[in-house]
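These notes concern the structure reproduced below.
Numbers for residues simply follow the sequence, beginning at 1. Keep in mind that this is a model prediction, so the values were computed, not measured.
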Amino acid sequence: MMKRNAGALLVSILGLALMIAFQNCARQGTETSDPSAGTETGDPSLRIEFSAYNQTSLLEKLILPRAYAAVAGAQMCVHQIRMFKKQPSPGAGVVVVDVNGLITLSPSGTLIGEFEIESAVYQRVDIMVKDECGVGLSIQVQNDSGTFTGTLPKILRFNGEFEVKNENERLVLDIVPFINFFDTVTSDAELGAGVENIESQF
């Protein structure tokens, strides 16, 4: 009689263990079946770019030496874009976009990238450059005085007002004040120290 009861108890315990294991498997499958759960999609697509700028010719440099930028080239590793809302909701005042892309400035304008950005009115854009592109620089400039390189993280600041609401909009950041500064740089230290003292607009 005792053996029969012990056997029945063992069967009950095994059955309960199998039921618990089945429930755990089912619960795990529910949690991982939709990897996009909790994310938001459908934000407008926004092209963010640096503006065009004038590049000097030798004749222009001789006649009007400070009217045109003499920068021969500039590169930067864009690490992040931070967009500050004009009227932020609690805890969501800044939209951060990771980029980690090496770009070369062009006189005709430079595309940073195209991103899905939350609909809102933005009043400031920070471009963080950082040595994350595998080329040993956060920013590098070539001008009449030579080639100068910065390796520390720096922020390029732009102020204005821009509303993101429709697809395929363009946000153009005025790079000219930075280009004018790049024209005057004569050392790595000057490049690194001076770039964060400039504020431009969009």
Side-chain angles (χ1 to χ4, degrees), residues 30-55 69 71 73-142 150-182 191 195-202:
T30 301
E31 290 174 350
T32 60
S33 62
D34 183 6
S36 64
T39 63
E40 295 182 3
T41 60
D43 286 330
S45 176
L46 177 67
R47 287 171 58 92
I48 302 178
E49 55 193 81
F50 288 130
S51 67
Y53 61 91
N54 289 325
Q55 192 171 38
V71 173
Q75 288 184 312
M76 57 184 71
C77 177
V78 177
H79 173 59
Q80 273 186 349
I81 301 172
R82 300 173 182 173
M83 301 182 63
F84 295 79
K85 296 178 184 178
K86 184 176 181 179
Q87 296 179 327
S89 56
V94 183
V95 172
V96 178
V97 180
D98 293 321
V99 182
N100 287 333
L102 183 68
I103 65 172
T104 300
L105 297 184
S106 169
S108 61
T110 307
L111 177 66
I112 301 174
E114 188 168 342
F115 313 97
E116 289 188 353
I117 302 295
E118 181 183 347
S119 296
V121 176
Y122 296 89
Q123 64 180 359
R124 195 176 99 211
V125 175
D126 286 356
I127 302 294
M128 173 179 277
V129 297
K130 189 176 181 182
D131 183 9
E132 292 283 350
C133 295
V135 292
L137 63 88
S138 59
I139 187 168
Q140 186 176 76
V141 172
Q142 300 90 39
T151 57
L152 296 177
K154 298 295 176 182
I155 295 177
L156 285 68
R157 295 181 174 87
F158 302 84
N159 298 309
E161 187 171 306
F162 185 87
E163 184 176 5
V164 177
K165 59 181 179 179
N166 299 315
E167 283 288 341
N168 303 318
E169 292 184 330
R170 293 171 64 230
L171 175 59
V172 180
L173 309 176
D174 184 8
I175 196 67
V176 172
F178 293 95
I179 292 293
N180 291 336
F181 165 68
F182 296 159
L191 174 62
V195 72
E196 289 195 323
N197 292 328
I198 300 170
E199 289 194 6
S200 189
Q201 60 187 3
F202 52 84

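Rounded to the nearest 0.5 Å, atoms CD1 (I127) and NZ (K130) are 15.0 Å apart. A distance of 13.5 Å separates CE in M83 from CD in Q80, rounded to the nearest 0.5 Å. Taken to the nearest 0.5 Å, the OG atom of S200 stands 9.5 Å off from the CZ atom of F50. Expressed to the nearest 0.5 Å, how far CD of Q75 lies from OG1 of T104 amounts to 4.0 Å. Taking CG from L105 and CZ from F178, the interatomic distance works out to 10.5 Å, rounded to the nearest 0.5 Å.
Nearest heavy-atom pair across E49 and L111 is CB-CA, 3.8 Å. Between S108 and A52, the closest heavy-atom pair is C-CB, 3.7 Å. Among all heavy-atom pairs drawn from G101 and C133, the shortest one is C-SG, 3.7 Å. The shortest heavy-atom contact between S45 and E114 is OG-OE2, 2.6 Å. Taking each heavy atom of E169 and E163 in turn, the nearest pair found is OE1-O, 3.3 Å. The two residues I117 and V97 have their closest heavy-atom pair at CD1-CG2, 3.6 Å.
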Show, in sequence, the C-alpha distance, side-chain angles and deciding distance for V164 and L171, and conclude whether the side chain to side chain contact (heavy atoms under 4.5 Å, CB included) test is met. CA-CA 9 Å; V164 177; L171 175 59; over 6 Å; no
Show, in sequence, the C-alpha distance, side-chain angles and deciding distance for F162 and L46, and conclude whether the side chain to side chain contact (heavy atoms under 4.5 Å, CB included) test is met. CA-CA 11 Å; F162 185 87; L46 177 67; 3.8 Å; yes
Any chance you could lay out the side chain to side chain contact (heavy atoms under 4.5 Å, CB included) test for V141 and F181, step after step, and finish with the verdict? CA-CA 10 Å; V141 172; F181 165 68; over 6 Å; no
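Contact of the H79 side chain with the N100 side chain is registered, since non-hydrogen atoms from C-beta on lie closer than 4.5 Å. A heavy-atom distance below 4.5 Å is found between the side chains of E161 and V121. Put simply, the side chain of Q140 does not reach to within 4.5 Å of the side chain of V135, judged on heavy atoms. Side-chain contact between L173 and L156 is absent, with no heavy atoms from C-beta onward closer than 4.5 Å. With a 4.5 Å cut-off on side-chain heavy atoms, V195 and M76 do not count as touching. For the pair F84/D126, a side-chain contact is recorded, criterion being any heavy-atom separation below 4.5 Å from C-beta on. In this structure, the side chains of M128 and V99 stay at 4.5 Å or more apart for every pair of heavy atoms.
V125 pairs with exactly one of I81, I48, V95 by the side chain to side chain contact (heavy atoms under 4.5 Å, CB included) rule, that one being I81. Remark: of the listed residues E199, Q201, R124, Q123, E199 is the sole one forming a side chain to side chain donor-acceptor pair (under 3.5 Å) with N159.
A search for side-chain contact (heavy atoms from CB on, under 4.5 Å) contacts involving V176 returns S51, Y53, D174, N180, not counting sequence neighbours.
S138 places a side-chain N or O within 3.5 Å of a backbone atom of G150 that can act as its donor or acceptor partner.
Proximity of the aromatic rings of Y122 and F158 is defined here by a centroid distance below 6.0 angstrom, and this criterion is not met.
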